[in-house]
Trainee: 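Before I ask anything, let me first share the structure, which is written out below as structure tokens.
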Amino acid sequence: MHVEDKDLVTTLSQQADGPPLSAAIYARVSTAVSFTRWLGPLGNYLVARPAARAAAHRDEERTDMPLDAAVVLGLDPQALHVWAADPMLSQVNDHLGTVEIARITAIRTEIAKSWWPLSITFTGGESLELEARGDVRGFVAAFEQHRNTSAA
């Protein structure tokens with residue numbers, strides 16, 4: 001389904017099992033060939049996306065977090081939800097699964113122009129590096145709020 005960044009929380013809250021989402025963003029796996037996205041749809045779909053999908057599957061095995069080349073990440077108080085996505089078309093596809101908030105020790109970002117670097121650190125020290133767009137700062141703040149609430 002087509003979902004603009006600003007409508008992710010509202011639209012996906014209706015699909016997620018459990019409490020409504022407090023934040024949601026598009027994210028993608030970055031690889032050494034990610035620069036081919038600048039070549040347009042052909043570079044994206046024929047080079048960058050297959051490489052990112054392979055990297056995502058390796059990261060999924062390492063972190064036990066469901067992943068694809070591009071995803072939507074949504075937060076509720078108990079879980080991080082993951083949907084397969086196509087950010088180029090603002091498409092949200094199948095729900096891939098969830099990760100309990102208790103398994104995540106930190107989510108960090110740095111300010112950037114359109115795609116922000118996003119780092120997710122799991123208990124046990126594993127971390128995942130993604131690029132994200134949308135209200136990334138709000139997403140990190142929502143995670144901090146959920147983490148602080150569950151710790152209290």
Side-chain angles (χ1 to χ4, degrees), residues 1-32 34 37 44 48-152:
M1 83 183 101
H2 179 81
V3 185
E4 297 293 330
D5 293 38
K6 64 181 176 54
D7 299 324
L8 282 172
V9 172
T10 307
T11 303
L12 296 177
S13 286
Q14 298 167 3
Q15 291 189 350
D17 294 333
L21 299 179
S22 55
I25 54 174
Y26 281 101
R28 65 186 183 194
V29 175
S30 184
T31 67
S34 292
R37 288 187 183 110
N44 186 45
R49 195 162 179 96
R53 182 165 282 128
H57 291 299
R58 286 190 302 273
D59 287 342
E60 180 176 3
E61 288 177 11
R62 184 175 53 80
T63 63
D64 200 27
M65 176 176 161
L67 274 177
D68 197 9
V71 294
V72 169
L73 303 176
L75 278 172
D76 74 27
Q78 288 93 28
L80 172 69
H81 295 265
V82 183
W83 286 266
D86 184 344
M88 188 177 224
L89 301 174
S90 295
Q91 282 294 119
V92 179
N93 301 317
D94 298 332
H95 187 261
L96 300 176
T98 60
V99 175
E100 293 178 17
I101 292 292
R103 281 197 52 227
I104 302 171
T105 58
I107 298 179
R108 291 184 173 62
T109 191
E110 296 174 19
I111 296 174
K113 288 189 179 181
S114 58
W115 288 91
W116 294 28
L118 182 75
S119 175
I120 302 173
T121 306
F122 299 91
T123 55
E126 290 289 339
S127 67
L128 179 62
E129 303 297 324
L130 301 169
E131 295 177 333
R133 78 164 201 224
D135 184 11
V136 182
R137 186 177 293 152
F139 183 83
V140 173
F143 168 75
E144 292 294 332
Q145 180 181 7
H146 294 318
R147 189 179 69 166
N148 293 339
T149 301
S150 65

Trainee: Starting at CG of Asp135, measure out to CG of Asp5 and round the result to the nearest 0.5 Å.
Mentor: 9.5 Å

Trainee: Taking side chain as C-beta onward, heavy atoms only, is Ile111 less than 4.5 Å from Trp116?
Mentor: yes

Trainee: Looking at every non-hydrogen atom in both residues, tell me the closest pair between Pro117 and Ala112 and how far apart they are.
Mentor: CD-CB, 4.0 Å

Trainee: Any idea which heavy atoms bring Val29 and Ala56 closest together, and the distance?
Mentor: CG2-CB, 3.8 Å

Trainee: In Å and rounded to the nearest 0.5 Å, what is the CH2 to CG distance from Trp83 to Leu96?
Mentor: 10.0 Å

Trainee: Does any N or O in the side chain of Thr105 come within less than 3.5 Å of the main-chain N or O of Thr121, such that one atom is a donor and the other an acceptor?
Mentor: yes

Trainee: Only one of Val9, Ile104, Ile101, Leu21 clears side chain to side chain contact (heavy atoms under 4.5 Å, CB included) with Leu75; which?
Mentor: Ile101

Trainee: I want to check something: taking the side chain as every heavy atom from C-beta on, are Val99 and Pro66 in contact at a cut-off of under 4.5 Å?
Mentor: yes

Trainee: Parallel under 30°, tilted from 30 to 60°, perpendicular over 60°: which one fits the rings of His95 and His81?
Mentor: tilted

Trainee: Show the numbers, then the answer: is there a side chain to side chain contact (heavy atoms under 4.5 Å, CB included) between Ser22 and Gln145?
Mentor: CA-CA 10 Å; Ser22 55; Gln145 180 181 7; over 6 Å; no

Trainee: Quick one: side chains of residues 58-65, donor-acceptor pairs under 3.5 Å with protein atoms, not counting sequence neighbours, listed by atom name and distance.
Mentor:
unit_1	atom_1	unit_2	atom_2	d
Asp59	OD1	Arg62	NH2	3.0
Arg62	NH1	Glu126	OE1	2.7
Arg62	NH1	Ser127	O	2.8
Arg62	NH2	Ser127	O	3.1
Thr63	OG1	Asp59	O	2.8
Thr63	OG1	Met65	N	3.3

Trainee: Taking Arg28 for its side chain and Trp115 for its backbone only, find out whether a donor-acceptor pair lies under 3.5 Å.
Mentor: no

Trainee: Nearest 0.5 Å please: distance from the CD atom of Glu110 over to the CG atom of Leu118.
Mentor: 10.5 Å

Trainee: Determine, step by step, whether Leu128 and Phe122 satisfy the side chain to side chain contact (heavy atoms under 4.5 Å, CB included) criterion, reporting the C-alpha distance in whole Å, the side-chain angles of both residues, the deciding distance to 0.1 Å, and the verdict.
Mentor: CA-CA 8 Å; Leu128 179 62; Phe122 299 91; 4.0 Å; yes

Trainee: Kindly determine whether Asp68 and Arg53 satisfy side chain to side chain contact (heavy atoms under 4.5 Å, CB included), including the steps that lead there.
Mentor: CA-CA 5 Å; Asp68 197 9; Arg53 182 165 282 128; 2.8 Å; yes

Trainee: Quick one: CG on Asp7 to CE on Met1, what's the gap to the nearest 0.5 Å?
Mentor: 11.5 Å

Trainee: Starting from the C-alpha separation in whole Å, work towards a yes-or-no answer on side chain to side chain contact (heavy atoms under 4.5 Å, CB included) for Ser114 and Arg133.
Mentor: CA-CA 6 Å; Ser114 58; Arg133 78 164 201 224; 5.9 Å; no

Trainee: Once rounded to the nearest 0.5 Å, what's the spacing between atom OG of Ser119 and atom CZ of Arg108?
Mentor: 7.5 Å

Trainee: Can you name the one residue among Val71, Leu130, Val92, Val136 that meets side chain to side chain contact (heavy atoms under 4.5 Å, CB included) with Tyr26?
Mentor: Val92

Trainee: Does atom CD (Glu129) have a neighbourhood of more than 12 heavy atoms from anything else shown, all under 6.0 Å?
Mentor: yes

Trainee: Identify the two heavy atoms, one from Pro77 and one from Pro20, that lie closest to each other, and give their separation to 0.1 Å.
Mentor: CD-O, 4.2 Å

Trainee: Per the side chain to side chain contact (heavy atoms under 4.5 Å, CB included) rule, which among Leu8, Ile107, Ile25 passes with Leu73?
Mentor: Ile25

Trainee: Ignoring hydrogens, what is the shortest heavy-atom contact between Gln78 and Pro19? Give both atom names and the distance.
Mentor: OE1-CG, 3.1 Å

